Amino acid sequence: METNLISIESYSMMRSHVIAETIAEQIKKEVKKMKTVIYFVRHAESPYIEDMERTRGLSDKGKLDALKIKSVLKYEGIDIFISSPYERAIQTIKHAAGTRKIVTFEDLKEREIGKIGEMNFREAKLKVYKDIYYSFPDGESTISAQGRAIKTIVKILNEYREKKIVIGTHGDIMTLILNYFNNQFDFEFWESTSMPDIYKLEFKDHELIEVKRLWLE
């Protein structure tokens with residue numbers, strides 16, 4: 001009789017454990033559904049051509065890397081493809097998008113550094129990161145470029161809630177967007193990024209909860 005009672009109690013405990021695990025798994029799935037995921041894809045290598053900032057495309061290496069990006073994103077279950085209006089950003093995600101439309105947003109374009117005079121490019125970038133209100137002639141300050149990009153990101157998070165979104169982007173504007181949500185993303189982060197690069201961002205509503213690098217050089 002005592003043995004039967006122990007067996008019944010053991011069965012009851014096991015059953016309760018299984019039910020608890022099932023509920024926990026369902027909760028995890030529901031939480032996962034609630035997340036909006038953005039994949040920032042920094043454009044692949046693009047030879048600099050003066051006065052062709054919007055229209056210059058990818059180098060031969062850049063074109064090969066664009067095919068690799070397609071492989072990285074293949075099983076991510078992407079719903080939407082969005083890009084900066086610059087050709088090098090569009091070309092970088094074109095293979096991944098396949099026949100799907102790539103929606104462009106003007107305010108996701110790269111930050112315009114402006115006329116930096118005798119200063120080298122790295123020094124100029126460092127200056128505008130350290131003084132977020134400073135801008136070179138014909139250029140954008142950090143606060144200005146970040147502001148116009150964030151308005152678009154918020155719009156995307158609202159419009160494509162709980163979707164998986166690829167955004168073809170640029171190193172500087174990507175860093176400024178990330179910096180808005182987490183100030184650990186700064187000049188040093190910008191300098192560490194590669195061409196191309198891929199970062200997976202998970203949002204709960206407008207809160208950035210996780211960033212993971214997917215690109216392996």
Side-chain angles (χ1 to χ4, degrees), residues 19-43 69-70 72-86 89-90 92-93 96-98 100-111 128-129 132-133 140-190 192-194 196-216:
I19 291 170
E21 282 190 335
T22 302
I23 292 170
E25 196 61 37
Q26 287 174 344
I27 291 170
K28 282 182 184 177
K29 286 179 181 178
E30 288 303 312
V31 169
K32 195 171 182 180
K33 283 180 185 177
M34 289 167 62
K35 293 177 184 176
T36 304
V37 183
I38 289 178
Y39 299 79
F40 274 136
V41 180
R42 186 187 184 190
H43 68 79
I69 285 167
K70 177 184 177 181
V72 173
L73 298 175
K74 186 175 181 180
Y75 299 108
E76 293 293 323
I78 306 302
D79 298 297
I80 310 292
F81 286 85
I82 290 170
S83 181
S84 150
Y86 289 6
I90 295 169
T92 300
I93 64 169
R100 285 176 286 185
K101 182 181 179 180
I102 298 174
V103 181
T104 61
F105 286 89
E106 182 65 23
D107 282 340
L108 293 180
K109 66 185 179 181
E110 181 61 303
R111 183 233 293 266
V128 292
Y129 271 93
I132 63 172
Y133 298 99
E140 289 180 282
S141 66
T142 287
I143 201 75
S144 174
Q146 185 183 65
R148 51 100 167 154
I150 286 299
K151 285 179 183 176
T152 300
I153 293 298
V154 169
K155 180 180 178 181
I156 289 167
L157 288 171
N158 289 338
E159 190 168 342
Y160 302 111
R161 183 180 169 87
E162 298 178 19
K163 301 291 185 183
K164 291 187 172 184
I165 309 144
V166 164
I167 298 181
T169 188
H170 309 269
D172 199 357
I173 203 67
M174 175 180 74
T175 302
L176 296 184
I177 293 167
L178 285 166
N179 175 266
Y180 175 83
F181 296 101
N182 184 336
N183 61 17
Q184 291 183 13
F185 295 97
D186 53 13
F187 174 80
E188 285 72 26
F189 171 79
W190 167 77
S192 74
T193 60
S194 61
D197 218 339
I198 306 175
Y199 290 88
K200 180 179 180 180
L201 287 62
E202 292 190 2
F203 288 87
K204 186 175 181 182
D205 296 323
H206 293 169
E207 180 188 0
L208 178 62
I209 56 178
E210 186 176 7
V211 179
K212 181 180 179 182
R213 190 184 188 209
L214 299 186
W215 182 253
L216 298 176

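Values in this document were obtained by computation on a predicted structure and should not be read as measured data.
Between W215 atom CH2 and Y199 atom OH the span is 12.0 Å, to the nearest 0.5 Å. For the atom pair CG of D186 and OG of S192, the computed distance is 9.0 Å after rounding to the nearest 0.5 Å. To the nearest 0.5 Å, atom OG of residue S83 and atom CD1 of residue I90 are 4.5 Å apart. Of the inter-residue distances, the one linking I80 atom CD1 with E159 atom CD reads 8.5 Å to the nearest 0.5 angstrom. Taking OG1 of T36 as the start and CG of L157 as the end, the distance is 6.0 Å to the nearest 0.5 Å.
Under a 4.0 Å N-O distance rule, the pair R148/E140 qualifies as a salt bridge.
For D79 (side chain) and K164 (main-chain N/O), a donor-acceptor pair under 3.5 Å exists by modelled atom type. Of the possible donor and acceptor atoms, one in the side chain of D197 sits under 3.5 Å from a partner among the backbone N and O of S194. Side-chain atoms of T193 come within 3.5 Å of backbone atoms of W190 as a donor-acceptor pair (strictly under, hydrogens ignored). Between the side chain of T104 and the backbone N or O of P85, no donor-acceptor pair lies under 3.5 Å. Side-chain atoms of T142 come within 3.5 Å of backbone atoms of V128 as a donor-acceptor pair (strictly under, hydrogens ignored).
Enclosure of atom NZ in K200 by more than 12 non-hydrogen atoms of other residues, nucleotides or ligands within 6.0 angstrom is indicated.
Counting only residues at least two apart or in different chains, ring pair (Phe, Tyr, Trp, His ring centres under 6.0 Å) contacts with residues 154-177 comprise H43-H170, Y86-H170. For residues 174-185, the set of pairs meeting the side chain to side chain donor-acceptor pair (under 3.5 Å) definition, not counting sequence neighbours, comprises Q146-N179.
Residues meeting the salt bridge (Lys or Arg N to Asp or Glu O under 4.0 Å) test with E110, sequence neighbours left out: none. For D205, the salt bridge (Lys or Arg N to Asp or Glu O under 4.0 Å) partners are R161, not counting sequence neighbours. Residues passing the salt bridge (Lys or Arg N to Asp or Glu O under 4.0 Å) test with E188: none are found, sequence neighbours excluded. Every salt bridge (Lys or Arg N to Asp or Glu O under 4.0 Å) that R111 has, sequence neighbours left out, goes to D172.
The closest side-chain heavy-atom distance from R213 to I198 is not below 4.5 Å. Counting only heavy atoms from C-beta outward, the side chains of F203 and I38 approach each other to under 4.5 Å. Taking 4.5 Å as the limit, every side-chain heavy atom of T169 sits out of range of all side-chain heavy atoms of S84. Contact check for L178 versus F189: side-chain heavy atoms found under the 4.5 Å cut-off. Residues L216 and V72 have side chains not in contact (no heavy-atom distance under 4.5 Å, counting atoms from C-beta outward).
Of all heavy-atom pairs spanning L108 and A149, the tightest one is CD2-O, 4.2 Å. Nearest heavy-atom pair, S141 versus I132, reported as atom, atom and distance to 0.1 Å: CB-O, 3.4 Å. Considering every non-hydrogen atom in both I82 and I93, the closest pair reads O-CD1, 3.4 Å.
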Go through K35 and E210 one step at a time and tell me if the salt bridge (Lys or Arg N to Asp or Glu O under 4.0 Å) criterion holds.
CA-CA 11 Å; K35 293 177 184 176; E210 186 176 7; 5.2 Å; no
Run the salt bridge (Lys or Arg N to Asp or Glu O under 4.0 Å) check on D107 and K151 step by step: do they pass?
CA-CA 8 Å; D107 282 340; K151 285 179 183 176; over 6 Å; no
Can you list the steps and then say if F181 with I150 is a side chain to side chain contact (heavy atoms under 4.5 Å, CB included)?
CA-CA 10 Å; F181 296 101; I150 286 299; 3.9 Å; yes
Side chain to side chain contact (heavy atoms under 4.5 Å, CB included) evaluation trace for F185 with V211:
CA-CA 11 Å; F185 295 97; V211 179; 4.0 Å; yes
Stepwise side chain to side chain contact (heavy atoms under 4.5 Å, CB included) test for I102 and V166:
CA-CA 9 Å; I102 298 174; V166 164; over 6 Å; no
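For the side chain to side chain contact (heavy atoms under 4.5 Å, CB included) with I153, the qualifying choice from I165, N158, I177 is I177, the only one to do so.
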